[in-house]
Amino acid sequence: MNAGDTVRVRLDLSYDGTSFAGWATQPGLRTVQGTVEDGLERVLRLAALGLAPARLTVAGRTDAGVHAYAQVAHIDLPVAQWAALPGRSDRLPEVALVERLFGVLPPDVVVHRASKAPAGFDARFSALSRRYTYRIADEPGQRDPLRRGHVLWARRPLDVVKMDEAARALPGLRDFAAFSKPRQGATTIRELQEFTWRRPSDGPDAGLVVATVQADAFCHNMVRGLVGSAIAVGEGRKPAAWLAQVLATGDRAQAAAVAPAHGLALVAVHYPPDAELALRAKTIRALRSLPGSN
């Protein structure tokens, strides 16, 4: 099928990662990608028409148990099937797709919005950054059983000031091998744009210990690796300077254990203006390297 025979559609979705084995399709396992693609097939019936199934490209693959408030993906759909989505109604295809997916998807994954993507848009490669939060309850009074699947219950009180001091030394274009699970052929160089800790005094997270982590992209287990080592600082087992020291070693064995998945959530994906989408996608596909390195 030629590009001119398809329309690229952006999907904005959220999901509770508790019962999913991560985003990416895996044989025999329940995944977010597999669930949404099954829903798309039920709505579009591409197989019955002898057409290839719709395949999602996502902004950031999340691990098993990780949640997403604002995930972004795209699909390329045949123009005829896209135009046929409203049926005999006067709805736009964008509205019809969201409503029909709501009728077939389980309640732990929701597609909130569908839209024709602007030229050059790629959910993964056009993204400027991904932002995550990690929530921890470190006091008995903060242990809410209704949020137990989204907040880590710490064993002891945490020193948020020291955690924030340690975290603020890490942003920049660096090699995050010490906080990541290596993948053959994949670089561990990333631009960490923000890593902070705070204890909000109001709002739904009042009293919790909350990390904000933003980067151009993340390595496998990188956020949970950073959080797990920051917790070691907050518990007093390591000094604030230790996080930067571990980063400099590039040795995963020097870091603390990764934090559990359920406290982590993807909260935002940022993209450049439409006119810059194609250039961003082309640039980000190039292998990342540190300034002055080969």
Original post:
Can R280 and D216 be counted as an ion pair, charged N to O under 4.0 angstrom?
Top reply: no

Original post:
What pair of heavy atoms forms the shortest contact from P93 to P86, and how long is it?
Top reply: N-CG, 3.7 Å

Original post:
Is the closest basic N to carboxylate O distance between E194 and R131 below 4.0 Å?
Top reply: yes

Original post:
Short question: side chain of T249, backbone of D251 - any donor-acceptor pair under 3.5 Å?
Top reply: yes

**OP:** Using a 4.5 Å cut-off on heavy atoms from C-beta on, say whether the side chain of L158 contacts that of M163.
**Re:** yes

Original post:
Looking only at heavy atoms, which two atoms of T57 and R124 are closest? And how far apart?
Top reply: CG2-CB, 4.0 Å

**OP:** Let me see the working for V58 and R61 under side chain to side chain contact (heavy atoms under 4.5 Å, CB included), right down to the final yes or no.
**Re:** CA-CA 7 Å; V58 72; R61 294 183 178 186; 3.8 Å; yes

**OP:** Run the ring-centre check on H262 versus H150 and record whether the distance is less than 6.0 Å.
**Re:** no

Subject >> Minimum heavy-atom distance between V111 and L13, given as atom pair plus value >> reply: CA-CB, 4.0 Å

Original post:
Quick one: CG on L40 to CD on Q33, what's the gap to the nearest 0.5 Å?
Top reply: 10.5 Å

**OP:** Report the distance from atom CD1 of I75 to atom CG of L97, rounding to the nearest 0.5 Å.
**Re:** 6.0 Å

Original post:
Between R237 and W242, does a side chain to side chain contact (heavy atoms under 4.5 Å, CB included) hold up when you go through it step by step?
Top reply: CA-CA 10 Å; R237 294 186 283 122; W242 177 71; over 6 Å; no

Original post:
Does A154 offer a backbone N or O that forms a donor-acceptor pair with the side chain of R143 under 3.5 Å?
Top reply: yes

**OP:** Assess the side chains of T133 and R135: does a donor N or O sit below 3.5 Å from an acceptor N or O?
**Re:** yes

Original post:
Would I231 and L208 show up in the same hydrophobic cluster when neighbours are defined by side-chain heavy atoms closer than 4.5 Å?
Top reply: no

Original post:
Is the side chain of R199 donor-acceptor paired with the backbone N or O of V209 at a distance under 3.5 Å, no angle test?
Top reply: no

Subject >> Nearest heavy atoms of R130 and L266, plus distance in Å >> reply: CB-CD1, 4.1 Å

Subject >> Greater than 12 external heavy atoms within 6.0 Å of R148's CZ >> reply: no

**OP:** Mind checking the CG-CG spacing from L170 to L247? Nearest 0.5 Å is all I need.
**Re:** 5.0 Å

Subject >> Salt bridge present between D76 and R55 (N-O < 4.0 angstrom) >> reply: no

**OP:** Kindly work out whether a path of hydrophobic side-chain contacts (I/L/V/M/F/W/Y, heavy atoms less than 4.5 Å apart) joins L44 to V104.
**Re:** yes

Original post:
For the residue pair Y69 and Y15, is the inter-centroid distance of their aromatic rings smaller than 6.0 Å?
Top reply: no

**OP:** Verify the cluster assignment for L264 and V151: are they in a single hydrophobic cluster under the rule of side-chain heavy atoms below 4.5 Å apart?
**Re:** no

Subject >> Any donor-acceptor pair under 3.5 Å from Q26 side chain to A21 backbone >> reply: yes

Original post:
Hey, does E37 have a side-chain heavy atom less than 4.5 Å from the side chain of T25?
Top reply: yes

**OP:** Look only at the side chain of E41 and the backbone of A54, and say whether a donor-acceptor pair between them is shorter than 3.5 Å.
**Re:** no

**OP:** Go through D108 and T18 one step at a time and tell me if the side chain to side chain contact (heavy atoms under 4.5 Å, CB included) criterion holds.
**Re:** CA-CA 9 Å; D108 52 357; T18 303; over 6 Å; no

Subject >> cation_pi(R190, F176) dist<6.0 Å, angle<=45 >> reply: no

**OP:** Measure the spacing between NZ of K238 and NZ of K162 and express it to the nearest 0.5 Å.
**Re:** 14.0 Å

Original post:
Do the side chains of L146 and W153 join up, straight or via other hydrophobic residues, at under 4.5 Å, putting them in one cluster?
Top reply: no

**OP:** Assess whether atom CZ of R45 is packed by more than 12 heavy atoms of other residues, nucleotides or ligands within 6.0 Å.
**Re:** no

**OP:** Determine, for D12 against R10, whether the closest basic-nitrogen to carboxylate-oxygen distance falls under 4.0 angstrom.
**Re:** yes

Subject >> Side-chain heavy-atom pair W23, V66 within 4.5 angstrom cut-off >> reply: no

Original post:
Are any non-hydrogen side-chain atoms of W197 and I136 less than 4.5 angstrom apart?
Top reply: yes

Original post:
Does P272 reach the side chain of L277, with side-chain heavy atoms less than 4.5 Å apart?
Top reply: yes

Subject >> Exceeds 12 heavy-atom contacts within 6.0 angstrom, atom CZ of R42 >> reply: no

Subject >> 4.5 Å side-chain heavy-atom contact, L192 and V213 >> reply: yes

Subject >> Atom of M222, atom of S180 and distance for their closest heavy-atom approach >> reply: CB-OG, 3.7 Å

Original post:
Counting distance only, does the side-chain N/O of H67 pair as donor-acceptor with the main-chain N or O of D16 below 3.5 Å?
Top reply: no

Original post:
So, the side chain of S229 versus the backbone of L226: is there a donor-acceptor pair under 3.5 Å, distance only?
Top reply: no

Original post:
If you round to the nearest 0.5 Å, how far is NE2 of H112 from OG of S14?
Top reply: 2.5 Å

Original post:
Would V72 and L11 show up in the same hydrophobic cluster when neighbours are defined by side-chain heavy atoms closer than 4.5 Å?
Top reply: no

Subject >> Working for side chain to side chain contact (heavy atoms under 4.5 Å, CB included), residues Q81 and L51 >> reply: CA-CA 10 Å; Q81 277 59 51; L51 300 173; 3.6 Å; yes

Original post:
Quick check, are the ring centers of Y271 and F121 under 6.0 angstrom apart?
Top reply: yes

Original post:
Taking it one step at a time, do R156 and D138 satisfy salt bridge (charged side-chain N to carboxylate O under 4.0 Å, His left out)?
Top reply: CA-CA 6 Å; R156 54 182 66 93; D138 67 335; over 6 Å; no

Original post:
Side chains of R155 and E235: does their closest heavy-atom pair fall under 4.5 Å?
Top reply: yes

**OP:** Identify whether the distance between the nearest side-chain nitrogen and carboxylate oxygen of R198 and D164 falls below 4.0 Å.
**Re:** no

Subject >> Straight-line distance of L152 CG to R224 CZ, nearest 0.5 Å >> reply: 11.0 Å

**OP:** Please report the closest heavy-atom contact between S126 and G120, naming both atoms and the distance.
**Re:** OG-O, 3.3 Å

Subject >> Check: V246 and F179 side chains under 4.5 Å, non-hydrogen atoms >> reply: yes

